[in-house]
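Below is one structure, written out as structure tokens, with a few remarks after it.
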Amino acid sequence: MGESSKGKPSAKNVVKKSPASTKKNIKKMKRKVKTKKTMKNSQFSKTMKVPPGSGGGQKWTTLEHNGVIFPPPYKPHGVKMLYNGQPVDLTPEQEEVATMFAVMKDTEYATMQTFIDNFFTDWRKILGKNHIIKKFELCDFTPIYEWHLREKEKKKQMTSEEKKALREEKLKQEDKYMWAVVNGVKEKVGNFRVEPPGLFRGRGKHPKMGKLKRRIKPSDITINIGRGAPVPECPIPGESWKEIKHDNTVTWLAFWNDPISQKDFKYVFLAASSSLKGQSDKEKYEKSRKLKDHIQNIRDNYTKDFRSKDETKRQIAVATYLIDKLALRAGNEKDDDEAETVGCCTLKIDNVTCLPPNKIQFDFLGKDSIRYFNTVEVEELVYKAIEGFHRGKPPGYDLFDKLDTTRLNAHLKDLMPGLTAKVFRTYNASITLDDILHKETEDGTLLEKIAVYQRANKEVAIICNHQRSVSKSHESQMTRLNEKIDDLKAQRDELKVDLGKAKKGKPLGNDKDGKPKKNSPPEQIEKKIAAIETKIEKMEMDKKIKEDLKTVALGTSKINYLDPRITVAWCKRHEVPIEKIFNKSLLAKFGWAMDVDPEFRF
DNA sequence: ATAATAACTTAGAACCCGTAAT
DNA sequence: ATTACGGGTTCTAAGTTATTAT
């Protein structure tokens, strides 16, 4: 379908083209642009080749580490699946892949045709063409699935001591891989475990879901390490690394080609708590703070261009407006062997609906195929411009057909050094947090202050469209909460009746077991009622928050978008222990932000 | 100028495990 | 003691952007 993405209406029916030409012929339609302007008065872009903090592109001077650890070899279980009702013999290699599929029985994937087809195609390659297994419909993986359930149960039944012992054993094995020494400082490695083989789990309608992700061998892996440092010993006897590099302009310790997409790599990096990552994190936030000094100029600039005669300029202006106002992602082109998702530059006509007189409705699948659905009021000129971009284009056609992320970012760089589309998201998120915290924090209890923080956090998550799927048990949890509340209300009402009687000096009647209730003074009953009222209020509040947040993911913005210095400074000013907001990993990740001045403003 | 590649950040789901509720 | 819940951790997919090749 890639053919379509740029040009014709979402041509699902278009014939797949030759593999070589996958994504880029897409661009043809939008070419005309003739961007003579792009590079003109760029006051900044020519200078500043190198990012400020990094010393000429050099990322480290010495680097030592122990390479990566591989998953254990496959251990056959010997449980026979059925084909056409009969048990079949499988080699360990064949059984391994069958098991990968079998254990996914209770996931959504197991029901998806693409997943099944891709799995079966790859599995049959391993079965060989003369194998008795020919049709997926005749396969019965249940015996293997049940074996898997038994194994899971066994694991669950282990005592916590056994589990602990197992964990410590693993830790001991992995200990040496967990650490690197960078410029003489011991740092944690992020992902030192090589990804185990499995069936590819793409998000959304991913055309490759279910494909076999083959086992990675040492000969797939390139190691990057300091010149003086010992090359890590290959952990699998008799095998060896693909290549050893000594490149101090990059931060990766190792990589291999992604077996699902040969052109992609899987990298091993340092952990988020490392100073290398911390430094670049800090630079990210410093850059987005700089945007404050330019934002007025940028807004004036694009507002002016809303009425430009030059359609390219108008498209850039409107796209920048959307990125600024709605924190949309840039939106790169995608290959046709990926899920069809879009960002700002790749929005299609049918993702964006004009609702007179001045509202725009957005409805599209963004990163991870998460739906973005939002209706916003826009200025008249924006509305008119978007109407204009629709004109004469069929559904499936690009809204911004004269734009792509490169052109957009080139334009942004002219407005501020180093400015790119994603900076707006960071800026938007962080300044929103800073604003809300300053406006809404009052002298109150610790709990109230934390609630303010969470509200702000939620606001940001909604702006950034950070979603999570509702937990399977959400509904039953809500029902239970409601029952509890009803129960409390009943108790309260009964107490009210009691109170009335008590005030008149009448006996209180019987409790639910039929025994007469002990008489209590009215004041005591009133107290009880008040206590229950408070409890009800609290539960109603909990319920509301739970319902409110059932699809909102707060973590993503905390980890990636909110300048931690805003949070740390706020905690200092309001005597909130930082541990109430940041967990252990965030504290480690944001070590660089801890000594911030309490008066820090984003 | 455009396309391909490389390197890095951002993302939600799955899993795991301690603790609160029963 | 047992289960349920939810926070934290791990996993790896899916983005963005800078650089390099054509």
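Protein chains get the first letters and strands the later ones, always in sequence-line order, with residue 1 at the start of each.
Not a single donor-acceptor pair, N or O on each side, falls under 3.5 Å between the base of B/dT9 and the side chain of A/K422.
Residues meeting the salt bridge (charged side-chain N to carboxylate O under 4.0 Å, His left out) test with A/K156, sequence neighbours left out: A/E153. Under the salt bridge (charged side-chain N to carboxylate O under 4.0 Å, His left out) criterion, A/K544 pairs with A/D548, sequence neighbours left out. Contacts of A/S275 classified as side chain to side chain donor-acceptor pair (under 3.5 Å), with partners at least two apart in sequence or in another chain: A/E187.
Applying the 4.0 Å criterion to OP1 and OP2 of B/dC8, one finds that A/T251 has a side-chain N or O inside that range. Within the 4.0 Å cut-off from OP1 or OP2 of C/dA18, at least one side-chain nitrogen or oxygen of A/K413 is found. Phosphate proximity of C/dC11 to A/K266: absent, as no side-chain N or O sits under 4.0 Å from OP1 or OP2. Considering only side-chain N and O atoms, A/R480 lies under 4.0 angstrom from the phosphate OP1 or OP2 of C/dC5.
Taking the ring axis of A/Y145 as reference, the NZ or CZ atom of A/K105 stays within 45° of it and closer than 6.0 Å to the ring centre.
The stretch residues 553-568 of chain A touches DNA chain B through A/T556, A/N560, A/Y561, each having a heavy atom within less than 4.0 Å of the strand. Within residues 459-472 of chain A, the residues approaching DNA chain B are A/N465, A/H466, A/Q467, A/R468, A/S469, by heavy-atom distance under 4.0 Å.
Toward the 5' end of DNA chain C, the nearer of the two residues A/A421 and A/K170, judged by each one's closest nucleotide, is A/K170.
Checked for salt-bridge contact, A/K263 and A/D337 miss the test: no charged N lies under 4.0 Å from a carboxylate O.
Here A/K546 lies in heavy-atom contact (under 4.0 Å) with sugar-phosphate atoms only. A/N583 comes within contact range of the sugar-phosphate backbone alone, with a heavy-atom separation under 4.0 Å but no base atom that close.
A distance of 6.0 Å or more separates the ring centres of A/F362 and A/F373.
Checked by atom type and distance alone, the side chain of A/N224 pairs as donor or acceptor with a backbone atom of A/W252 at under 3.5 Å.
Screening residues 321-341 of chain A for ring-ring contact (aromatic ring centres under 6.0 Å, His included), with sequence neighbours left out, gives A/Y302-A/Y321, A/F306-A/Y321.
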